[in-house]
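Atoms considered below: every heavy atom in the structure, side chains included; atoms not considered: hydrogens, waters and symmetry mates.
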Amino acid sequence: MGLMIPWSLTLAMVDAYSVFIKYLPHQPRILLVIIAGDWVLSFLSLAAACATASVTDLLVDAGGSFCPTMSCNRFQLSATMAFLSWFLSFASSLFNLWLLPSL
């Protein structure tokens with residue numbers, strides 16, 4: 001998940017720059033790199049979300065000695081946010097894949 005933040009910030013800066021300059025990159029190779037990066041990071045994000053959810057479930061089933069109530073709630077929230085991050089990243093890659101033939 002540590003790769004998601006720099007990747008997303010870089011894409012946001014490139015998008016903001018292209019909007020302010022009013023020049024949209026119409027090169028299929030650039031869009032293909034963005035699509036590949038989104039796909040790879042979305043699958044890595046899905047793996048992280050599944051791992052977080054399975055560890056949280058294991059800790060909840062183990063009882064209160066391994067996971068105090070406040071920590072378990074934070075782990076569950078972390079798993080939920082990881083799945084949300086995966087969904088949004090995958091949606092972005094599908095949207096970019098949809099844009100690729102129009103170039």
Side-chain angles (χ1 to χ4, degrees):
M1 294 301 293
L3 293 174
M4 291 292 289
I5 293 172
W7 177 259
S8 298
L9 287 176
T10 303
L11 287 180
M13 287 189 295
V14 168
D15 288 342
Y17 177 76
S18 66
V19 166
F20 287 132
I21 301 300
K22 295 183 181 170
Y23 174 74
L24 299 175
H26 293 290
Q27 298 174 350
R29 289 187 183 181
I30 293 174
L31 194 57
L32 195 60
V33 168
I34 291 171
I35 291 169
D38 276 347
W39 274 76
V40 168
L41 287 177
S42 71
F43 285 120
L44 289 175
S45 176
L46 178 62
C50 290
T52 303
S54 66
V55 168
T56 302
D57 188 44
L58 181 70
L59 288 175
V60 168
D61 288 343
S65 62
F66 290 110
C67 185
T69 305
M70 191 59 141
S71 293
C72 280
N73 290 338
R74 288 181 182 170
F75 290 146
Q76 290 170 343
L77 181 64
S78 173
T80 304
M81 290 297 137
F83 277 111
L84 179 66
S85 172
W86 165 74
F87 177 74
L88 293 175
S89 176
F90 192 66
S92 170
S93 67
L94 288 178
F95 180 73
N96 286 329
L97 188 64
W98 177 61
L99 283 178
L100 186 62
S102 68
L103 297 179

Any donor-acceptor pair under 3.5 Å linking the side chain of Thr10 with the backbone of Pro6?
yes
Side chains of Ser89 and Ser45: closer than 4.5 Å at any heavy-atom pair?
no
Kindly write out the residues that satisfy side-chain contact (heavy atoms from CB on, under 4.5 Å) with Tyr17, not counting sequence neighbours, or none if the list is empty.
Ile21
I'd like to know if the side chain of Ser78 and the backbone of Arg74 have a donor-acceptor N/O pair within less than 3.5 Å.
no
Ignoring hydrogens and angles, write down the donor-acceptor pairs under 3.5 Å from the side chains of residues 46-57, residues two or more places apart or on other chains.
{"from": "Thr52", "atom 1": "OG1", "to": "Ala48", "atom 2": "O", "distance (Å)": "2.8"}
{"from": "Ser54", "atom 1": "OG", "to": "Cys50", "atom 2": "O", "distance (Å)": "3.3"}
{"from": "Ser54", "atom 1": "OG", "to": "Ala51", "atom 2": "O", "distance (Å)": "2.9"}
{"from": "Thr56", "atom 1": "OG1", "to": "Thr52", "atom 2": "O", "distance (Å)": "2.7"}

Partner residues of Phe90 under the ring pair (Phe, Tyr, Trp, His ring centres under 6.0 Å) criterion, sequence neighbours left out:
Trp39, Trp86
Once side-chain contact (heavy atoms from CB on, under 4.5 Å) is applied, do any residues pair with Leu11, and if so which ones, sequence neighbours excluded?
Trp7, Ile34, Asp38
Can you list the other members of the hydrophobic cluster that holds Ile5, where links are side-chain heavy atoms under 4.5 angstrom apart?
Leu9
If two hydrophobic side chains count as joined below 4.5 Å and joins carry through other members, does Val33 share a cluster with Leu44?
no
Under a side-chain separation threshold of 4.5 Å, the hydrophobic residues clustered together with Leu58 are none
Which value, rounded to the nearest 0.5 Å, describes the distance between Ile30 atom CD1 and Ile35 atom CD1?
12.0 Å
Is atom CZ of Phe75 surrounded by more than 12 heavy atoms (other residues, nucleotides or ligands) closer than 6.0 Å?
no
